[in-house]
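Being a predicted model, the structure only gives us computed values, none of them experimental.
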Amino acid sequence: MDFAAARKIMVDSQVRVNDVTDRALQAALLAVPRERFLPQDRAWSAYAEIEPEIAGGRRLMMARDLSKLLMALDARPGESALAIAAPYGAAVLARMGLTVTAQEADDAVFGVAGPVLAEEGVRTVVAPLSAPSGEGYDLIVSEAAVPARPEAWLKALKVGGRLAVVERGGPVGKAVLYVRGEQGVSRRELFDSTPPVLMDLAPEPAFAL
């Protein structure tokens, strides 16, 4: 399979046509080998309009949705980023000139994606997704959905920092952009999306006596 040709088709048919106009982002998507974020026997599915599994239940977000999230973040070279459950997004941001940390709860994901992340200069961390590694980030992004507002992630942003994630409490989620300011956090809804929900962040069930 000609992966370079498939990558161009993906950008032309899934990204550009969905109003993703950031040329630096388009160039990064054309450069990062998405197929290397999947086991070899599933590499062919990297460019289809699906969410193929990397390992341990972690899936690649569809290129359309991830590109729209990343464009909303307005990423700039030299900024710091934390990619939570977003290994492919981490590599794209690194190609755009950011300093990136990729965090996963299951090391099996890095068993597949670790080599390409190392080549892209991305630092990897295995830790619970409910507890971001580090703080003072300019950007945080996730390729998975969260069941509710991720307060711990917001606290890991610096003032002026941005978080792009899908919040999903039902069949269809909503991609949102948070911006941390001096006086609090603003929230803006972006588009509908349906990635799998990170059950690591599900609230503890409450039991009535």
**Q.** Residues that E135 engages under salt bridge (charged side-chain N to carboxylate O under 4.0 Å, His left out), provided they are two or more places apart
**A.** none

Q.
To check you understand the geometry: which heavy-atom pair defines the closest contact between L190 and A72, and what is its length?
A. CD1-CB, 3.7 Å

Q.
Is there a side-chain contact between V141 and I84 in this structure, where contact means two heavy atoms from C-beta onward sitting under 4.5 Å apart?
A. no

Q | All side chain to side chain contact (heavy atoms under 4.5 Å, CB included) counterparts of K158, not counting sequence neighbours | A | D138

Q. How would you list all residue pairs meeting side-chain hydrogen bond (donor to acceptor under 3.5 Å, both in side chains) that involve residues 92-103, not counting sequence neighbours?
A. R95-E120, T101-R123

**Q.** The single option from V125, I140, L157 passing side-chain contact (heavy atoms from CB on, under 4.5 Å) against L82
**A.** I140

Q.
Enumerate the side-chain hydrogen bond (donor to acceptor under 3.5 Å, both in side chains) contacts for residues 55-78, please, sequence neighbours excluded, ordered by first and then second residue.
A. R58-E104, D65-S193, D74-R76

Q. Tell me, do K155 and P132 make a side-chain contact under 4.5 Å, heavy atoms counted?
A. no

Q) Got a donor-acceptor contact below 3.5 angstrom from the D2 side chain to the A5 backbone? A) yes

Q: Would you check, one step at a time, whether the test side-chain contact (heavy atoms from CB on, under 4.5 Å) holds for F37 with V116?
A: CA-CA 8 Å; F37 291 83; V116 64; 3.6 Å; yes

Q) Who pairs with A144 by side chain to side chain contact (heavy atoms under 4.5 Å, CB included), at least two apart in sequence or on another chain? A) A85, S142, L198

Q.
Starting from V166, can I reach V179 by hopping between I/L/V/M/F/W/Y residues whose side chains sit under 4.5 Å apart?
A. yes

Q) side-chain contact (heavy atoms from CB on, under 4.5 Å) between V176 and R149: does it pass, once the steps are laid out? A) CA-CA 10 Å; V176 297; R149 174 174 162 135; over 6 Å; no

**Q.** Set of residues satisfying side-chain hydrogen bond (donor to acceptor under 3.5 Å, both in side chains) with respect to R42, sequence neighbours excluded
**A.** none

Q.
Whether R34 engages the ring of Y88 as a cation-pi pair (distance to the six-membered ring centre under 6.0 angstrom, angle to the ring normal within 45°) should be assessed.
A. yes

Q) Mind checking what makes side chain to side chain contact (heavy atoms under 4.5 Å, CB included) contact with A131, not counting sequence neighbours? A) none

**Q.** Shortest non-hydrogen separation from R162 to L177 and the atoms involved
**A.** CB-CD1, 4.0 Å

Q. Hey, any chance L98 and V165 share a hydrophobic cluster, counting ILVMFWY side chains that come within less than 4.5 Å of each other, even indirectly?
A. no

Q: Sequence neighbours left out, what passes salt bridge (charged side-chain N to carboxylate O under 4.0 Å, His left out) with R168? Give chain and number order.
A: none

Q: Write out all pairs satisfying salt bridge (charged side-chain N to carboxylate O under 4.0 Å, His left out) with one or both partners inside residues 14-23, taking only residues at least two apart or from two chains.
A: D12-R16

Q) Quick one: does W153's side chain have a donor or acceptor within less than 3.5 Å of a partner on S130's backbone? A) no

Q. L163 and P150: which non-hydrogen atoms are nearest, and at how many Å?
A. CD2-CG, 3.7 Å

Q: Apply side chain to side chain contact (heavy atoms under 4.5 Å, CB included) to Q14 and list each qualifying residue two or more places apart in sequence or on a separate chain.
A: M10, E49, A63

Q) Which residue pairs pass the salt bridge (charged side-chain N to carboxylate O under 4.0 Å, His left out) test with at least one member in residues 174-193, sequence neighbours excluded? A) E167-R187, K174-D192, R187-E189

Q | Non-hydrogen side-chain atoms of L60 and E51 separated by less than 4.5 Å | A | no

Q. Where is the tightest heavy-atom contact between L117 and A90, given as atom of each residue plus distance?
A. CD2-CB, 4.3 Å

Q. Tell me, do V197 and V146 make a side-chain contact under 4.5 Å, heavy atoms counted?
A. no

**Q.** Spacing of CE belonging to M62 relative to CG belonging to N18, to within rounding of 0.5 Å
**A.** 10.0 Å

Q: Could I get the full list of ring-ring contact (aromatic ring centres under 6.0 Å, His included) partners for Y137, not counting sequence neighbours?
A: none

**Q.** Side chain proximity check, L139 to S80, heavy atoms < 4.5 angstrom
**A.** no

Q: Taking atom types as modelled, find out whether E35 and Y47 have a side-chain donor-acceptor pair closer than 3.5 angstrom.
A: yes

